[in-house]
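Taking it in order: structure first as structure tokens, then the write-up.
These figures come from a predicted structure and were not determined experimentally.
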Amino acid sequence: MPSTARRRRRDAPPPRTGGSEMETLRGFLDYLRDSIAAKVDNAPDPQARAAAVPSGTNLLGLLNHVTFVERATFLGERVTDWKATFHASAEDGVAEVVARYRETVERANEVLDGCTDLGAPLPRQRPGRSAPSVRWALTHLIEETGRHAGHADILRELIDGSTGR
């Protein structure tokens, strides 16, 4: 049981989006992005890095991993060791990992702002590998971010009792 008093954030309801498929997908992705970043933001640094479950999963590593997923999917960056992305470097604290994630989301959104056709491939260059469709990329990031936001909910509550979206 966490030693600090429980903090409950107000739950944010699902987003009200425009009626188009693009607006709906981007609205839900941004909702989940905000949720996972909020779970990590201001977490106590040593506990955010510590493994809270037998698999070794930790709060800071989850956000670091999702940052790499965003970069690989929307920015075309190559990741050679996905398992390593689940651990932030020793020099990076909570503030640095959250800032890097938010900067990556901003860059990814700049790419998405130029996409009008969900069926078209993402406009990224990656030699030897075709780009997925915008629809596939958005759907993949929704499921990936949602999955890890759920993990982050549990890990943050274990750290200091914080709950809510």
Do R100 and D92 make a side-chain contact, defined as non-hydrogen atoms from C-beta onward lying under 4.5 Å apart? yes
Using side-chain heavy atoms (C-beta onward) and a distance below 4.5 Å, is T67 in contact with E103? no
Indicate, with yes or no, if L25 and W136 share a hydrophobic cluster defined by side-chain heavy-atom contacts under 4.5 Å among Ile, Leu, Val, Met, Phe, Trp and Tyr. no
With hydrophobic residues grouped by side-chain heavy-atom distances under 4.5 Å, do M22 and L112 end up in a single group? yes
Which residues pass the side chain to side chain donor-acceptor pair (under 3.5 Å) test with T24, not counting sequence neighbours? T17
Residue pairs involving residues 53-64 (criterion salt bridge (Lys or Arg N to Asp or Glu O under 4.0 Å); sequence neighbours excluded): none
Set of residues satisfying side chain to side chain contact (heavy atoms under 4.5 Å, CB included) with respect to D41, sequence neighbours excluded: V98, R102
What distance separates L122 CG from L75 CG, expressed to the nearest 0.5 Å? 9.5 Å
Classify the ring geometry between H65 and H148 as parallel (under 30°), tilted (30 to 60°) or perpendicular (over 60°). perpendicular
Let me confirm one number: the CD1-CG distance from I159 to L59, rounded to the nearest 0.5 Å. 4.5 Å
Can you sort out the partners of Y101 under ring pair (Phe, Tyr, Trp, His ring centres under 6.0 Å), two or more places apart, ordered by chain and number? none
Beyond-backbone contact of L60 with V40, side-chain heavy atoms, under 4.5 angstrom: yes
Correct closest heavy-atom pair for G119 and S133 would be O-CB, 3.8 Å
Taking the side chain as every heavy atom from C-beta outward, state whether E77 and V79 have any atom pair closer than 4.5 Å. no
Would you indicate whether the side-chain heavy atoms of F74 and V134 approach each other to under 4.5 Å? no
For F68 against W82, the heavy-atom pair lying closest together: O-CH2, 3.8 Å
Non-neighbouring partners of R147 that pass side chain to side chain contact (heavy atoms under 4.5 Å, CB included), sequence neighbours left out: H151
Taking salt bridge (Lys or Arg N to Asp or Glu O under 4.0 Å) as the definition, give me every residue that meets it alongside R33, ordered by chain and number, with sequence neighbours left out. D30, E70
Give a yes or no on whether Y31 and I142 share a hydrophobic cluster (residues Ile, Leu, Val, Met, Phe, Trp, Tyr; joining criterion: side-chain heavy atoms under 4.5 Å apart). yes
Taking side chain as C-beta onward, heavy atoms only, is H140 less than 4.5 Å from V69? yes
With sequence neighbours excluded, give me every salt bridge (Lys or Arg N to Asp or Glu O under 4.0 Å) pair touching residues 43-60. D45-R49
Can you name the residues that form a salt bridge (Lys or Arg N to Asp or Glu O under 4.0 Å) with E143, not counting sequence neighbours? none
Do F28 and L118 share a hydrophobic cluster, counting only Ile, Leu, Val, Met, Phe, Trp and Tyr and linking them when any side-chain heavy atoms are less than 4.5 Å apart? yes
By salt bridge (Lys or Arg N to Asp or Glu O under 4.0 Å), which residues pair with D81, not counting sequence neighbours? none
Can you list everything that forms a side chain to side chain contact (heavy atoms under 4.5 Å, CB included) with S55? Sequence neighbours excluded, please. V53, T57
Who passes salt bridge (Lys or Arg N to Asp or Glu O under 4.0 Å) against E21, sequence neighbours left out? R135
Would you say R156's side chain and K39's backbone share a donor-acceptor pair under 3.5 angstrom? yes
To the nearest 0.5 Å, how far apart are CG in L29 and CZ in R26? 8.5 Å
According to side chain to side chain contact (heavy atoms under 4.5 Å, CB included), who are the partners of D117, at least two apart in sequence or on a separate chain? A120
Take N42 and V94 through the test side chain to side chain contact (heavy atoms under 4.5 Å, CB included) and record every step on the way to the result. CA-CA 7 Å; N42 297 314; V94 170; over 6 Å; no
For the residue pair P132 and A137, what are the closest heavy atoms and their distance? CG-CB, 4.4 Å
About how many Å separate OG1 of T145 and CG of L63, when rounded to the nearest 0.5 Å? 9.5 Å
How long is the straight-line distance from CG of N64 back to CZ of F86, given to the nearest 0.5 Å? 9.5 Å
Considering all heavy atoms, the nearest I36-A149 contact: CD1-N, 3.8 Å
